[in-house]
Amino acid sequence: MQTEIAETIFEKVKALPSAEQREVLKIVEDRVSAHVDRTTRPIWEVLTEMSSEIPEEMWAELPTDGSINHDHYLYGAPKKKL
């Protein structure tokens with residue numbers, strides 16, 4: 001099936017003028033590049049990028065005892081003292 005799709009795309013793009021074919025090629029290259037970047041980056045790079053978008057004020061609001069009191073924060077269990 002993927003071969004059929006690729007052949008259909010090829011036939012349709014072949015009918016376009018050269019300048020528009022180059023535009024389509026650029027779009028496809030960008031999509032492939034974005035897909036490869038998403039699928040091959042280490043998780044810590046993705047997390048670092050995502051966390052950099054969170055304002056400092058929000059980081060300051062996070063609890064510092066999450067590892068000890070995770071049951072409290074998740075399920076409402078009594079808080080444990082540090």
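As the structure is a prediction and not an experimental result, all values here were calculated from the model.
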* Asked: Who else is in the cluster with Ile43 when I, L, V, M, F, W and Y are joined by side-chain contacts under 4.5 Å?
  -> Trp44, Leu47

* **Within one Ile-Leu-Val-Met-Phe-Trp-Tyr cluster: Leu25 and Leu16, side-chain cutoff 4.5 Å** => no

* Report yes or no: do Val13 and Val28 belong to one cluster of Ile/Leu/Val/Met/Phe/Trp/Tyr joined by side chain heavy-atom distances under 4.5 Å? => yes

* To do: Give a yes or no on whether Ile27 and Ile5 share a hydrophobic cluster (residues Ile, Leu, Val, Met, Phe, Trp, Tyr; joining criterion: side-chain heavy atoms under 4.5 Å apart).
  => no

* Hey, what do you get for CD (Glu49) to OG (Ser51), rounding to the nearest 0.5 Å? -> 9.5 Å

Output a table of donor-acceptor pairs, distance under 3.5 Å, between side-chain atoms of residues 68-75 and any protein atom two or more places apart or on a different chain; print 'none' if there are none.
| unit_1 | atom_1 | unit_2 | atom_2 | d |
| --- | --- | --- | --- | --- |
| Asn69 | OD1 | Lys80 | N | 2.5 |
| Asn69 | ND2 | Asp65 | OD2 | 2.7 |
| Asn69 | ND2 | Lys80 | O | 3.1 |
| His70 | ND1 | Ser67 | O | 3.2 |
| His72 | ND1 | Ala77 | O | 2.8 |
| Tyr73 | OH | Asp65 | OD1 | 2.7 |
| Tyr73 | OH | Lys79 | NZ | 3.3 |

* Inspect the contact between Lys26 and Glu29 and indicate whether a charged nitrogen and a carboxylate oxygen are less than 4.0 angstrom apart. => no

